[in-house]
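Below, chain A is the first sequence line, B the second, and so on; all start at residue 1.
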2 protein chains.
Amino acid sequence: MDTPLREPTFLILTALATGPMHGYGLIGEVAALSGNRVSLRPGTLYGALDRLVDAGLVEVDGEEVVDGRLRRYYRLSPGGEATLSAETERLRRNVEAATSRLSARTRAARPITPRTAGGLA
Amino acid sequence: MDTPLREPTFLILTALATGPMHGYGLIGEVAALSGNRVSLRPGTLYGALDRLVDAGLVEVDGEEVVDGRLRRYYRLSPGGEATLSAETERLRRNVEAATSRLSARTRAARPITPRTAGGLA
DNA sequence: CAGCAATATATCGGATACGAAGGTATGTCG
DNA sequence: CGACATACCTTCGTATCCGATATATTGCTG
């Protein structure tokens with residue numbers, strides 16, 4: 001499980017953390033929690049779901065027929081919850097590293113970059 | 001620029017936020033700021049650098065010869081700094097969304113998920 | 001001095017995920 | 001009936017990433 005999740009996959013797991021949801025509903029939920037910036041395409045969604053089910057991170061929760069249309073619900077597995085948790089921690093560390101370096105940059109207003117300060121051993 | 005950065009590319013920009021650095025040095029720096037979890041391979045590094053230079057996010061800062069070996073320094077461009085900043089914000093929002101949903105899950109110990117609560121319009 | 005490790009560059013091929021587009025089916029609205 | 005929205009799924013092309021490999025120079029070791 002050392003393959004880092006990409007954004008669409010991460011958001012799918014995040015959406016499912018709220019509770020079981022069907023495929024088409026995930027498209028709307030992911031759009032909502034990303035502020036309408038990420039719009040999942042069916043190809044991305046079902047490809048990702050197949051992979052996640054195959055990896056045991058997501059399970060099929062059941063099916064339902066509403067107005068003659070099939071709804072297949074997916075649910076986060078315990079392993080999926082653990083993976084999402086670990087991925088979140090990883091991202092949090094990256095965000096912190098980038099934030100501190102960016103703020104240091106702003107504070108210093110980018111001086112002449114002392115290249116003679118010794119390499120990073 | 002709506003293509004989200006993958007982790008290796010994000011970490012390269014983060015490393016360069018500290019100051020100019022040469023390719024091989026980036027491998028060590030990225031390893032360091034990721035807690036030795038991400039080890040950049042040459043193929044990833046130079047492929048990413050070419051793409052970043054091509055996209056105007058990174059610029060060649062100059063070259064230096066140390067012990068007969070060429071060192072090509074790269075530097076974060078203003079556009080690269082803006083992109084890194086925007087990407088960091090995006091990740092921060094994703095981390096926050098995942099964190100709140102995961103903690104809500106833990107608190108509720110996963111009840112019966114009210115599926116009849118109405119679809120997300 | 002021959003061989004190997006380390007530094008530092010670069011390239012190639014395979015694997016995988018993602019995105020765009022299209023396809024099928026059902027129910028509702030005009 | 002035709003158009004549209006919901007809801008499922010598939011195929012194809014592209015981009016990114018990783019592993020392996022190649023090249024060149026210095027320095028250490030046998």
Side-chain angles (χ1 to χ4, degrees), chain A residues 1-13 15 20-31 34 37-55 57-58 60-74 83 87 115 118-121, chain B residues 1-13 15 20-31 34 37-55 57-58 60-74 83 87 115 118-121:
Chain A
M1 205 73 58
D2 56 350
T3 307
L5 299 178
R6 312 282 187 54
E7 187 175 39
T9 309
F10 180 84
L11 291 177
I12 288 173
L13 290 188
M21 207 169 291
H22 67 285
Y24 210 81
L26 277 168
I27 295 179
E29 182 64 10
V30 165
S34 72
R37 282 180 310 104
V38 177
S39 64
L40 276 186
R41 307 292 160 171
T44 307
L45 174 68
Y46 292 106
L49 282 176
D50 284 349
R51 266 175 271 129
L52 290 170
V53 168
D54 200 62
L57 305 184
V58 164
V60 175
D61 193 54
E63 297 181 352
E64 213 181 22
V65 175
V66 177
D67 288 333
R69 288 182 211 93
L70 179 69
R71 281 184 178 177
R72 180 165 296 141
Y73 281 80
Y74 295 92
T83 297
E87 283 291 303
R115 183 171 299 166
L120 43 102
Chain B
M1 205 73 57
D2 55 351
T3 308
L5 299 178
R6 313 264 182 293
E7 187 176 38
T9 310
F10 180 84
L11 291 177
I12 287 173
L13 289 188
M21 207 168 289
H22 67 285
Y24 207 80
L26 277 168
I27 295 178
E29 181 66 8
V30 165
S34 72
R37 283 179 313 100
V38 177
S39 63
L40 278 185
R41 308 290 161 172
T44 307
L45 174 67
Y46 292 107
L49 282 176
D50 283 350
R51 267 176 269 129
L52 290 170
V53 168
D54 202 62
L57 304 184
V58 163
V60 175
D61 193 54
E63 297 182 353
E64 212 181 21
V65 175
V66 176
D67 287 333
R69 289 181 210 95
L70 179 68
R71 281 184 178 177
R72 180 167 298 140
Y73 281 80
Y74 295 90
T83 297
E87 283 292 302
R115 184 169 299 167
L120 43 104

Do any side-chain nitrogens or oxygens of [X] fall under 4.0 Å of OP1 or OP2 in [N]?
X: B/Thr9; N: D/dC17; value: yes
X: A/Tyr46; N: D/dT10; value: no
X: B/Arg71; N: C/dA8; value: yes

Protein N or O to nucleotides 12-14 of chain D N or O, pairs below 3.5 Å:
none

Side chain to side chain, [X] and [Y], heavy atoms closer than 4.5 Å:
X: B/Glu29; Y: B/Met21; result: yes
X: B/Leu26; Y: B/Leu49; result: yes
X: A/Leu57; Y: A/Arg51; result: no
X: B/Thr9; Y: B/Thr44; result: no
X: B/Pro8; Y: B/Val30; result: no
X: B/Ser34; Y: B/Leu11; result: yes

Is it true that the side chains of B/Tyr73 and B/Glu64 contain a donor and an acceptor less than 3.5 Å apart?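 B/Tyr73 vs B/Glu64: donor-acceptor pair found between side chains.
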For nucleotides 19-30 of chain C, give me one character per nucleotide, 5' to 3': B if any protein heavy atom sits under 4.0 Å from the base, S if the only such contacts are to the sugar-phosphate, - if neither. BBB----BB---
Which salt bridge (charged side-chain N to carboxylate O under 4.0 Å, His left out) pairs, counting each pair once, include a residue from residues 37-48 of chain B, with sequence neighbours left out?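 Matches after skipping sequence neighbours: none remain.
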Take atom [atom1] of [X] and atom [atom2] of [N], then tell me their distance rounded to the nearest Å.
X: B/Leu52; N: D/dT16; atom1: CG; atom2: C1'; result: 12 Å
X: B/Met21; N: C/dA8; atom1: CE; atom2: P; result: 13 Å
X: A/Arg51; N: C/dT16; atom1: CZ; atom2: P; result: 10 Å
X: B/Ile27; N: C/dA6; atom1: CD1; atom2: P; result: 14 Å
X: B/Leu11; N: D/dT16; atom1: CG; atom2: C1'; result: 15 Å
X: A/Leu45; N: C/dC18; atom1: CG; atom2: P; result: 11 Å
X: B/Glu7; N: C/dT16; atom1: CD; atom2: C1'; result: 16 Å
X: B/Tyr74; N: C/dA8; atom1: OH; atom2: P; result: 13 Å

Nearest-nucleotide wise, let me know which of A/His22 and A/Arg6 is further upstream toward the 5' end of DNA chain D.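 Per heavy-atom nearest nucleotide, the more 5' residue is A/His22.
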5'-most contact on DNA chain C: B/Gly47 or A/Phe10, nearest heavy atom basis?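 Going by which nucleotide is closer to the 5' end, it is B/Gly47.
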Can you tell me how far OH of B/Tyr24 sits from CZ of B/Arg69, rounded to the nearest 0.5 angstrom?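 B/Arg69 CZ to B/Tyr24 OH: 10.0 Å, rounded to 0.5 Å.
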